[in-house]
Amino acid sequence: MLANPETISPMSAHVVLDGKAIAERMKCELREELAHLKGHPQLRILYFDTPASIVYKNAQVHVARDLGIWTDRTQTDGTYCFPWKTATQHDVEQLIQKWNRDRFVHGIFVHQPVPPQIDPQRISALIDPRKDVEGIHPDNSARRFFAKARIGSCTALAVMRLIEETGVPLEGKEAVVVGHSEIVGRPVSMLLLDKLATTTVCHLGTDKAGRLEEHVRRADVLVVAVGRPHLIKGSWIKPGAIVIDVGINVVHGHVVGDVEFDTAKARAAFISPVPGGVGPVTVMTVMRNTVEAFKGQQAESSGKRDG
Ligand code: NAD
């Protein structure tokens with residue numbers, strides 16, 4: 001198991017799930033797979049000039065370069081930045097359509113959130129579903145609903161990978177997801193349902209009704225994806241719970257999650273840190289999905305040739 005046992009209590013081991021180590025192992029697996037592929041998967045990333053987006057993009061570029069996922073014909077790093085304030089729907093759509101048409105582009109990733117003047121649902125629906133490495137196209141979302149996803153939400157898959165590392169079976173467990181966004185909360189809740197966890201989804205309405213604490217307190221598995229520093233108090237964590245913190249917040253120049261880490265760790269059996277938990281595994285899942293998209297497109301084109 002790729003986790004750091006820090007302290008052992010009579011009740012449970014308080015294990016910090018090491019996302020960097022899991023990501024390293026995924027990278028080795030991918031490198032092995034890439035060595036046996038004919039051709040190079042090519043990923044394209046559209047992002048906006050916000051600090052969070054730039055940090056995430058840089059992490060993606062670093063890993064993609066390391067894996068050789070886009071040393072392509074153009075020798076660019078495969079990214080395109082739009083200014084947050086002045087990006088237009090037309091320009092963003094033009095670029096996505098260009099990448100859709102380019103047969104040397106196998107994966108397209110559009111950073112979220114998008115600026116208010118951009119309609120995110122139109123963007124999701126525009127990406128070629130075979131190249132949609134974040135699983136946001138309506139076809140891919142529908143497949144996830146029916147538990148038949150080809151390519152799923154990278155963050156949701158990363159959350160599930162961290163939970164898998166605990167070795168705890170999910171069937172019959174009380175799972176609570178805080179946050180119901182299209183790219184994290186909803187897909188995570190569906191993946192938990194697929195594992196037969198009894199799943200509750202909380203959100204802003206739950207908090208406004210004053211009922212967040214009561215739901216969190218009974219969670220065997222807690223996934224938090226809100227974007228509010230220390231929203232979840234350590235004292236709310238059920239002893240022995242699995243806690244996965246997806247939140248990324250910058251407080252006084254430091255990155256922190258949505259969960260009060262130290263007090264939560266003292267009660268949880270397993271907890272993911274921020275940074276170094278979900279983030280690195282998510283980045284590697286983008287690469288994994290790009291390889292899957294590439295293989296799908298290769299199989300499709302060789303099928304066409306054969307047929
Ligand atoms: P979002 O803004 O789309 O959704 C936020 C969700 O939180 C909503 O469902 C909202 O109802 C809920 N919420 C807001 N205030 C709440 C409150 N007081 N109590 C309970 N619920 C509340 O956000 P998102 O895109 O899902 O991202 C959530 C967080 O996860 C952000 O911090 C983001 O940076 C981070 N994130 C991390 C990764 C990663 O790889 N580590 C990937 C994606 C997002």
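These numbers come from a predicted model, not from an experiment. Start at 1 and go down the list; that is how both ligands and their atoms are numbered.
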- Note on the structure: To atom 25 (O) of ligand 1, the nearest of Thr155, Thr282, Ile183 on a heavy-atom basis is Ile183
- Would you please classify the geometry between the His111 ring and the Tyr56 ring as parallel, tilted or perpendicular, with 30° and 60° separating the classes? tilted
- Item | Close N or O approach (Arg228, ligand 1; < 3.5 Å) | yes
- Item | Nearest neighbour of atom 23 (O) of ligand 1 from the list Val226, Val250, Val256, on a heavy-atom basis | Val226
- Check whether more than 12 heavy atoms from other residues, nucleotides or ligands sit under 6.0 Å from atom CZ of Arg211, and answer yes or no. no
- Task: Could you tell me whether Asp66 and Arg31 have a side-chain N and a carboxylate O separated by less than 4.0 Å?
- Result: yes
- So, Glu93 versus Gln97: side-chain donor-acceptor pair below 3.5 Å or not? no
- Message: Please compare Val255, Ile232, Asp245, Leu204 and report which has the shortest non-hydrogen distance to atom 12 (C) of ligand 1.
- Response: Leu204
- Just go through Ile248, Val201, Ile244 and tell me whose heavy atom is the nearest to atom 32 (O) of ligand 1. Ile248
- Considering heavy atoms of the protein only, find what lies nearest to atom 31 (C) of ligand 1 and give residue, atom and distance to 0.1 Å. Gly227 CA, 3.7 Å
- Have Glu260 and Thr263 got a donor and an acceptor in their side chains that come within less than 3.5 Å? yes
- Message: Using heavy atoms and a 4.0 Å limit, tell me yes or no: is Cys202 in contact with ligand 1?
- Response: no
- Message: I'd like to know if Asp18 and Lys20 make a salt bridge, using a cut-off of under 4.0 Å between side-chain N and carboxylate O.
- Response: no
- Using a heavy-atom cut-off of under 4.0 Å, does the side chain or the backbone of Val283 touch ligand 1, or both, or neither? neither
- Query: If you measure from atom 4 (O) of ligand 1 to every heavy atom of Pro113, Ser181, Cys154, which option wins on shortest distance?
  - Reply: Ser181
- Query: Of all the atoms in ligand 1, which lie at a distance below 4.0 Å from a heavy atom belonging to Val184?
  - Reply: 26 (O), 43 (C)
- Message: Is there a polar contact between ligand 1 and Asp258, counting only N or O atoms under 3.5 Å apart?
- Response: no
- Subset of ligand 1 atoms that lie under 4.0 Å from at least one heavy atom of Gly179: 6 (C), 7 (O), 9 (O)
- Message: Taking side-chain contact (heavy atoms from CB on, under 4.5 Å) as the criterion, tell me which of Thr155, Ile183, Val184 meets it with Gln112.
- Response: Ile183
- Message: Polar contacts were defined as any N/O atom of the residue lying under 3.5 Å from an N/O atom of the ligand; does this apply to Gly185 and ligand 1?
- Response: no
- Query: Which atoms of ligand 1 are found less than 4.0 Å from any heavy atom of Gly279?
  - Reply: 40 (O), 41 (N)
- Which protein non-hydrogen atom lies closest to atom 17 (C) of ligand 1, naming both residue and atom, and how far is it? Asp207 OD2, 3.6 Å
- Between His203 and His180, what is the ring plane arrangement, given parallel below 30°, perpendicular above 60°, and tilted in between? tilted
- Item | Lys/Arg N to Asp/Glu carboxylate O, Arg217 vs Glu213, below 4.0 Å | yes
- Message: For atom 8 (C) of ligand 1, what is the closest protein heavy atom, and at what distance to 0.1 Å?
- Response: His180 ND1, 3.7 Å
- Task: Please confirm whether Asn249 comes within less than 3.5 Å of ligand 1 when only nitrogen or oxygen atoms on both sides are compared.
- Result: no
- Just by distance, with hydrogens left out, do Arg65 and His62 show a side-chain donor and acceptor under 3.5 Å apart? no
- Between Arg218 and Thr200, does any side-chain donor sit less than 3.5 Å from a side-chain acceptor? yes
- Val246 to ligand 1, any heavy atom closer than 4.0 Å: yes
